[in-house]
Amino acid sequence: MGKILNQKTSPEMPAAVTGNSKMLACHRANGEIFRLFWPHLGYGQHLGHFWPGVRIAYPEWQGFTKWFHLNIWESRQRYLEDTNIVETTLSSLTHHLNVVQNDFILPHHDILARYYVLKNEGEKSEKISFFVYCAFNIEESALYDGVYVDFSNNSLVFFRRNVYLALAGIGCPLSGYQCGRRGTPSDPYQDASKGFLWGTRDNILQSAAAMAWDLGELQPGETKSFSLYLAAGHDEKQVRSLLAEAASKTGSEWLEKTRQYWQGWLRPGEQNGKSEHPAFRRSLLTMKLLSDRETGASIAAPEFDPYYQASGGYGYCWPRDSVYIAAALDEAGFHDLAGRFYSFARSIQDPDGSWQQRYFTDGAVAPFWGKQIDQAGSVLWGYQHHYQLTGDTDFLTDIWESLEAGAEYLANNLEENGLPAPSFDPWEDELSQGTYSAAAVFGGLKASAQTAALRKEKNKEKRWQEASETIRAAIIKHQWSDAQNSFIRGVNRRTFQDAYDYALSRGEKAFTVKDPTGLYESHWVGEDRRIDAALLGLAFPFAVLGPSDKKMQATALAIEEKLWNYNVGGLQRYEGDSYRGGNPWLITTLWLAVYHCMSGSRGRAEELYNWSLAQANQHLLLPEQADKNHGGPAWVLPLNWSHAMFVLTHLALRGKLSIIRCR
């Protein structure tokens with residue numbers, strides 16, 4: 001047990017997620033929780049194992065505890081309608097026992113609730129005991145931890161420094177407990193599996209513990225309920241208080257209150273999708289879960305590759321991705337949630353007006369490998385978009401200094417050819433004067449000029465408007481290819497060493513670790529003539545060109561012809577994309593759908609929308625990529641940006657997207 005927990009875990013996509021925007025849990029299809037984040041959505045991660053099960057009294061107590069995560073149960077799973085409550089129904093393959101497990105996190109308390117209803121579907125009574133085994137890796141470590149039984153409320157308390165996790169069962173009398181060290185004779189897993197706990201009260205280092213409760217006789221046709229509550233806090237007093245709050249209501253009452261909360265939260269978006277596909281509402285619910293309650297930061301996805309075995313990690317906030325997410329929330333009517341992200345963006349801005357590549361949700365700079373100038377352009381565009389939809393003059397006042405600094409940063413970072421200075425592209429594997437980056441900077445400066453006009457800042461309006469016009473002219477002059485009859489991905493590519501030296505020359509924090517894919521080593525200096533789906537950013541959302549512009553139409557045609565997967569459908573990111581084998585992405589496919597909606601090809605837009613929807617998992621959670629051979633989720637789920645693009649496309653097809661006029 002100890003060795004297994006200390007090994008690096010392979011990337012694994014969850015089947016479902018639950019949370020309250022501060023605590024986030026990832027579930028397997030059998031109901032097992034295998035990741036638990038608190039007090040931030042990206043860290044710390046505290047599992048480990050959290051294994052419940054039941055013991056059915058055999059003659060002379062023979063047999064083993066039936067742990068719910070083992071394949072001795074048939075399972076069905078669903079979200080309760082319009083909620084973030086995961087219901088898993090478990091049917092025993094050896095007994096006539098049915099267990100319904102509802103997993104949810106209380107909306108206003110950092111308490112994970114697991115509410116069980118057990119039913120005897122057999123013809124004889126059964127004596128049932130409920131067991132749970134826990135082995136937490138608090139903040140991804142089993143060092144310096146401890147566990148003890150708190151007899152004031154019959155709970156298990158795991159702790160490491162200032163993180164406390166307290167577990168209690170409500171509804172039946174406690175019948176046993178045991179604390180021990182993983183992988184040693186004191187480890188309670190085997191004892192709990194045999195149905196006997198030794199009563200050990202505490203342990204230090206690599207702690208594990210188990211508890212048992214007596215559910216009594218379960219008669220034929222009878223049901224009984226039982227609740228587990230896992231509270232997270234910074235000290236013993238806090239988790240004791242939370243468990244007392246949990247005990248103040250029955251599990252069914254908490255379930256109903258949580259159901260009402262989520263369905264009530266969705267009401268502002270009902271006008272945009274209540275009668276439409278439930279995937280629209282699932283997207284909104286997921287985006288809410290992935291937005292930090294305290295800071296407003298949104299993560300790309302629940303972290304599933306913490307050791308960077310196949311990626312650079314996803315449990316971080318990218319300002320650019322988050323602008324698309326905020327824009328989708330704004331367009332769906334959730335202005336408060338979008339506004340809180342923009343407050344976060346303002347708080348993390350660098351003194352020179354730029355933003356780093358990505359952040360932890362508490363605002364700390366996350367590990368990075370380069371600067372992306374499009375992130376600054378995106379945030380400035382987002383500021384103006386939020387104001388246009390809300391008319392919130394207080395917001396405009398609050399972000400003005402940030403917008404001013406950001407616009408000056410962009411205006412001061414144009415090269416002699418009129419394009420923005422080289423930086424990494426949105427896919428983060430090319431350092432060049434990228435076309436998408438130029439479009440984002442254009443969009444940010446144009447939006448800033450509009451904001452300056454509202455504030456009657458004539459000089460700034462003129463300066464930023466002129467800078468945006470310079471960029472637009474440079475895009476058409478340098479990034480359009482007559483030979484290819486399309487825009488190209490970028491110009492003035494840099495090698496990895498060039499990138500490193502360039503960053504140092506500008507006084508920036510230079511990255512020191514090469515991308516694990518080794519892509520940088522093969523770069524060459526010059527034009528990058530590959531077709532890239534991000535070229536659609538020229539039309540949406542940054543409006544460098546209109547959808548009917550001949551150059552834009554030719555580029556969209558080239559994108560669809562050269563990047564379409566003719567096996568399963570969907571768009572790759574760019575020619576030669578090899579990340580995860582070169583699968584089609586939902587972001588790019590939905591991007592093309594929005595463009596077709598803008599240009600009048602509504603039928604094709606609907607087809608792309610429906611294709612993207614077909615790549616969702618059973619719970620309508622959207623991945624980053626679809627499998628290029630078979631379709632369906634291939635990598636990263638749920639991806640926040642995919643859900644945002646789905647919401648934007650959904651609204652565009654219904655004529656409810658303010659950013660565009662759907663033809």
Side-chain angles (χ1 to χ4, degrees), residues 1-12 14 17-27 32-51 105 109-112 133-148 150 155-167 179-183 202-209 229-240 242-243 289-290 292-295 297 299-309 312-317 358-367:
M1 292 292 294
K3 291 182 179 178
I4 292 174
L5 285 171
N6 287 331
Q7 287 179 344
K8 291 182 178 180
T9 56
S10 298
E12 179 182 357
V17 290
T18 56
N20 65 0
S21 298
K22 186 175 180 182
M23 181 183 278
L24 180 68
C26 296
H27 304 253
E32 180 184 358
I33 295 176
F34 68 104
R35 286 192 176 89
L36 180 66
F37 300 91
W38 180 88
H40 302 285
L41 302 180
Y43 72 93
Q45 201 291 109
H46 307 304
L47 286 179
H49 298 317
F50 185 7
W51 289 340
I105 294 174
H109 304 284
D110 294 336
I111 303 171
L112 169 65
Y133 171 81
C134 297
F136 293 105
N137 277 355
I138 297 178
E139 293 186 323
E140 302 182 16
S141 176
L143 298 177
Y144 318 120
D145 74 337
V147 64
Y148 61 90
D150 182 353
S155 67
L156 286 173
V157 180
F158 292 80
F159 67 101
R160 182 175 183 269
R161 295 175 179 161
N162 69 336
V163 175
Y164 281 67
L165 300 174
L167 175 72
C179 301
R181 184 173 296 175
R182 302 170 217 170
D202 53 45
N203 179 77
I204 60 172
L205 187 66
Q206 295 186 332
S207 298
Y229 297 106
L230 181 69
H234 291 298
D235 54 38
E236 183 185 74
K237 180 180 178 181
Q238 191 173 13
V239 292
R240 276 186 179 179
L242 286 169
L243 288 181
L289 282 188
L290 303 184
D292 191 282
R293 187 172 76 205
E294 293 189 346
T295 67
I299 59 172
E303 186 56 74
F304 75 115
D305 188 16
Y307 295 99
Y308 300 169
Q309 292 174 283
Y314 281 78
Y316 307 101
C317 177
R358 59 184 188 172
Y359 297 83
F360 290 102
T361 56
D362 66 356
V365 176

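The figures here come from the full heavy-atom set of this structure, side chains too, leaving out hydrogens, waters and symmetry mates. Since the structure is predicted, the reported quantities are computational estimates derived from the model, not experimental observations.
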Students often mix this up, so state it plainly: with edges at 30° and 60°, are the rings of F360 and Y43 parallel, tilted or perpendicular? perpendicular

Parallel, tilted or perpendicular, as decided by the 30° and 60° cut-offs, for the rings of F159 and Y164: parallel

Report the distance from atom [atom1] of [X] to atom [atom2] of [Y], rounding to the nearest 0.5 Å.
X	Y	atom1	atom2	value
F34	C26	CZ	SG	5.0 Å
L242	I111	CG	CD1	4.5 Å
E139	Y144	CD	OH	13.0 Å
D150	L156	CG	CG	9.5 Å

May I ask you to test the [X]-[Y] pair for a side-chain heavy-atom distance under 4.5 Å?
X	Y	value
P302	L41	no
L47	F136	yes
M23	L230	no
W38	V163	yes
D292	D362	no
Y316	P367	yes
F50	L112	yes
H27	E32	no

Taking [X] for the side chain and [Y] for the main chain, is one N or O donor matched with an acceptor at less than 3.5 Å?
X	Y	value
T295	T361	yes
H234	N162	yes
Q45	F37	no
H49	Y133	no
S141	L143	yes
N203	C179	no

Between [X] and [Y], which heavy-atom pair has the shortest distance, and what is it?
X	Y	answer
D145	S207	OD2-N, 3.1 Å
V17	P14	CG1-CG, 4.1 Å
L205	A142	CD1-O, 3.6 Å
V239	A231	CG1-O, 3.8 Å
V147	A209	CG2-CB, 4.1 Å
D305	P11	OD1-CG, 3.4 Å

Decide whether R182 and N137 meet the rule of one side-chain donor and one side-chain acceptor closer than 3.5 Å. yes

Is R35 salt-bridged to E303, going by a charged N under 4.0 Å from an acidic O? no

Strictly by salt bridge (Lys or Arg N to Asp or Glu O under 4.0 Å), give each pair with a member in residues 37-51 just once, sequence neighbours left out. none

Contacts of H109 meeting ring pair (Phe, Tyr, Trp, His ring centres under 6.0 Å) (sequence neighbours excluded), chain-then-number -> none

